[in-house]
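Inspection log for the structure reproduced underneath, given as structure tokens.
Just so we're clear, the structure is a prediction, and the values are computed from it rather than from any experiment. Atoms considered below: every heavy atom in the structure, side chains included; atoms not considered: hydrogens, waters and symmetry mates. Residue numbering restarts at 1 for every chain, and letters A, B, ... go by the order of the sequence lines.
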Amino acid sequence: MVRQRLKKLINAPQTGLVGVIVGLSIVLSLFAGSYEKGGHSVNVFLNPNTLFQTASDASFFAIMAVGITMVIITGGIDLSIGSIYALCGVLTAIFLRSQVGLQGSDPSLGQFLISGAVCVGIGLGCGLVNGWLVARLKVHPFIITLGTMWVYRGVANVISKGLSVNLPEGLTGIFKATLGLEKGQYPVPLVLMILVTVLGGIYLSKTVAGRKIYAVGGNEAASHYSGIKIGRVQIGVFALSGMLAGVAAFAGCSYYGAASCADAQGYELFVIASAVVGGASLAGGKGTALGAMLGAILIVLMRQSIRTLHFDQNYESIIIGVAVVVAVVLDQASVKLSRRWLDRA
Amino acid sequence: MSNFLRLSNITKRYPGVTALDGVDLEVGQGSVHALMGENGAGKSTLGKVMCGLIQPDEGRITFEGQEVRFHDPGDAVRAGIGMVHQELLFCENLSVAENLCLGDTPHKGPFVDQAEMNRRAQAALDRIGAQVDLNARLGSLPIAVQQMVQIAGAVAKGAKALIFDEPTSSLSFTESERLFELIDQLKSDGVTCLYVSHRMNEIFRLCDTITVLRDGELVATKPASEFDHDSLVSAMIGRELEQLDATSGNQAGQVALSVRDLRSPGKFEGVHFEVRQGEVVGLAGLVGAGRTEVLEAIFGLDSAATGDVSIHGQTLPLRRTDRAISRRIGMVPEDRKRHGLVLGMKIRENETLPILTRLARLGFVQAARERATAQTYFERLRIKAPSMESSAGGLSGGNQQKVVLAKWLAAECDVLMVDEPTRGVDVGAKAEIHEILLEIVAAGKAVLIVSSELPELLRMADRILVFRGGRIVGELPRSDADEEKLIRLMTGVA
């Protein structure tokens with residue numbers, strides 16, 4: 001019984017990823033060194049402030065990674081999410097300024113909800129356009145979203161005239177709420193990330209729509225022969241991916257207090273990397289929301305470690321690039337190994 | 001003679017299974033030698049060992065008196081053993097000439113010598129008397145022609161022995177006939193042929209010697225004349241085959257499916273027929289005659305189809321597969337790997353794919369109901385797998401086909417359309433699939449069956465509609481049908 005549980009746990013696809021994250025965290029804690037603060041020795045990495053900061057950084061990637069994982073499971077790709085993020089942020093900031101102005105330190109609950117809905121709604125709209133184009137024109141999603149990536153970014157440029165737009169402080173107050181923790185510890189993005197991951201996980205594993213996503217990615221023709229409307233599934237996943245980019249934008253821009261048309265440039269690649277490191281297969285049919293979140297955490301942790309361990313920042317891209325490839329190769333090897341192990345046991 | 005190709009004590013183990021267990025085999029030069037057995041018996045594995053695709057764990061191969069060891073198919077080809085593979089191992093995106101010179105492309109410096117390549121390719125095709133456009137992209141040609149090209153390539157590389165792995169599995173009747181003539185010709189040229197197949201008729205038509213494998217062990221090697229159909233089947237399955245009696249005696253009930261003036265440009269036209277409850281209607285015809293295409297149109301898969309399809313008297317919208325399914329039509333497609341199954345998904349998930357909405361509440365799949373439904377049909381079809389949570393991709397052909405059937409039984413179809421339901425399925429599973437189809441017919445469902453195996457049609461169908469060139473050219477009740485009449489109608493030869 002215990003042995004079986006253990007086997008199941010070891011065989012769970014995310015176990016390796018959790019192991020790597022924990023391992024990297026331990027290494028970071030050991031080598032980060034410490035500083036004196038108020039008579040206590042504080043580890044440079046292993047302290048609440050740094051951990052919450054890392055989690056917040058990861059959360060914006062993770063929220064989008066859950067969305068793009070759904071696209072990737074169907075065998076597609078979404079390159080436009082960084083641009084959707086920027087467009088959502090800019091439009092929401094402009095909308096809010098027209099409503100509240102900058103000084104109203106506490107936007108009413110209604111205003112908060114409306115601005116959130118605007119931001120998420122714009123993301124959803126962009127995603128629907130992506131999905132509709134993919135399903136209708138039957139052009140590979142790579143091409144469609146490569147195009148919309150530039151178009152959405154361009155629209156953000158035009159509307160914001162290239163300037164950064166500040167958001168009301170009150171909104172920042174909500175996303176930087178300490179919820180009773182000490183100053184400098186902001187758990188809201190972390191909570192949002194976990195919420196999105198849980199909901200995304202339930203959607204993928206428990207609902208009819210989720211099952212269809214896996215089926216279409218596994219074999220589009222066979223799904224068609226089983227009465228599944230491929231186009232609808234495609235529109236659905238792109239809509240969700242766009243919507244979650246909107247959610248990430250609302251959280252991100254509020255957290256940082258400003259939105260600019262240059263936001264999230266290149267995020268799509270970090271997010272795709274997160275999904276793939278988290279076990280999503282670009283060939284389709286495979287991937288999980290939990291994996292996507294863990295993938296995002298791992299990638300952010302690697303960026304963090306370069307800072308914490310005082311490596312030359314210029315090496316960041318090289319290290320992350322190598323790590324992504326190594327992670328995916330190791331993941332594939334571990335699947336083979338665990339299968340062999342299961343065969344023997 | 002026995003020195004030509006000899007395998008001794010060949011053993012190949014995979015995790016959990018012994019695919020070949022101490023097999024000894026002698027193949028005489030210039031013979032056509034059949035390897036038979038159910039799926040999983042090891043016949044394909046043995047073929048692959050001989051042509052270097054698989055390396056045995058134990059055992060020796062001697063070819064023309066010399067011990068040989070093939071590390072890859074290239075070694076085997078150099079020694080003179082070629083393979084005509086089930087899934088063609090050629091590059092579909094390249095031209096016929098490029099494929100025929102693959103691995104040894106003639107060149108002048110860094111540039112391809114096009115003239116020399118065409119000359120060599122033409123010579124290869126001429127040797128087997130095949131006429132193929134050298135510049136055609138291989139993938140654009142029919143499977144039968146691709147196979148010819150493959151055979152030409154092997155012969156041109158000096159093959160003294162050729163291994164055919166299920167060569168007719170995707171060929172039409174006439175195409176198969178042409179292949180058999182070619183094999184006869186190869187034989188008279190002194191090329192030894194090893195023939196892996198399920199199909200009894202072909203084996204008796206072609207082969208001198210038959211080797212039967214079962215569960216990785218060699219059961220018997222005997223001249224073909226010492227076998228007949230029944231003794232061969234029982235050697236393969238290791239028990240007597242219960243003779244199934246066919247459907248007759250079923251009282252056909254009300255009209256379940258009615259098709260009126262169905263047409264699709266370039267595929268078929270003026271198709272008009274009815275299927276009653278409790279009736280099996282067979283569709284006969286050559287590949288491309290419109291049989292499969294008609295089924296696809298009824299199932300809403302043909303966006304160009306027009307006409308009137310009604311089920312229990314109510315019109316069915318064309319081009320809507322989901323509606324067809326909700327009106328209780330099911331379809332077991334010809335190509336189960338491409339159209340029938342999501343191989344990466346579990347058996348359970350495949351079974352319930354068309355009926356997820358029926359098993360859901362508020363968009364959530366009800367796990368308990370799903371499991372119960374899937375388990376029922378998993379057991380009823382006796383699918384051989386550790387559990388219904390196993391991946392569909394790991395199953396043998398026969399069991400995969402059972403999963404596709406289970407899927408439509410679970411959907412509680414009133415009209416089940418099956419397209420080549422037993423292609424690439426072993427004898428035991430074939431009998432079981434027939435049995436299941438007869439059971440659902442006895443329960444008052446209607447079955448529409450397409451098959452290129454005439455004995456299967458003659459045994460299963462109450463009525464046979466014959467297609468030729470996209471039209472129904474004849475209808476024969478079972479009592480009046482035989483193979484000869486069917487072939488005449490199918491080919492249009494008086």
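Chain A forms more heavy-atom pairs under 4.5 Å with one residue of B:Ile355, B:Leu343, B:Leu356 than with any other, namely B:Leu356. Per-residue heavy-atom pair counts under 4.5 Å with chain B were compared for A:Ala215, A:Gly218, A:Gly285, and the maximum is reached by A:Ala215. Of the listed residues B:Val404, B:Val365, B:Thr357, the one with more heavy-atom pairs under 4.5 angstrom with chain A than any other is B:Val365. Per-residue counts of heavy-atom pairs under 4.5 Å with chain B were compared for A:Val216, A:Ile202, A:Thr207; the largest is that of A:Thr207.
Evaluated for a side-chain contact (heavy atoms from CB on, under 4.5 Å) with A:Ile228, the options B:Ile325, B:Leu353, B:Thr321 yield exactly one hit, B:Leu353.
The number of heavy atoms from other shown groups lying within 6.0 Å of CZ (B:Arg358) is above 12. Counting heavy atoms of neighbouring residues, nucleotides and ligands inside a 6.0 Å radius, atom CG of A:Leu137 exceeds 12 of them. Heavy atoms from other residues, nucleotides or ligands lying under 6.0 Å from CZ of A:Arg136 number 12 at most.
Checked by atom type and distance alone, the side chain of B:Asp322 never pairs as donor or acceptor with a backbone atom of A:Ser226 at under 3.5 Å.
A salt bridge is absent between B:Arg338 and A:Glu220: the closest approach of a Lys/Arg side-chain nitrogen to an acidic carboxylate oxygen does not fall below 4.0 angstrom.
With a 4.5 Å cut-off on non-hydrogen atoms, B:Arg323 does not touch chain A at all. For B:Ser326, no part lies near chain A; criterion is any non-hydrogen pair under 4.5 Å. In this structure, the portion of B:Leu341 lying under 4.5 Å from any heavy atom of chain A is its backbone and not its side chain. There is no contact between B:Gln366 and chain A, counting heavy-atom distances below 4.5 Å.
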Side chain to side chain contact (heavy atoms under 4.5 Å, CB included) between B:Glu370 and A:Arg211, intermediate numbers included: CA-CA 12 Å; B:Glu370 187 195 11; A:Arg211 185 74 63 79; 2.6 Å; yes
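A:Tyr225 places a side-chain heavy atom less than 4.5 Å from the side chain of B:Leu301. Between A:His224 and B:His339 the shortest side-chain heavy-atom distance does not fall below 4.5 Å.
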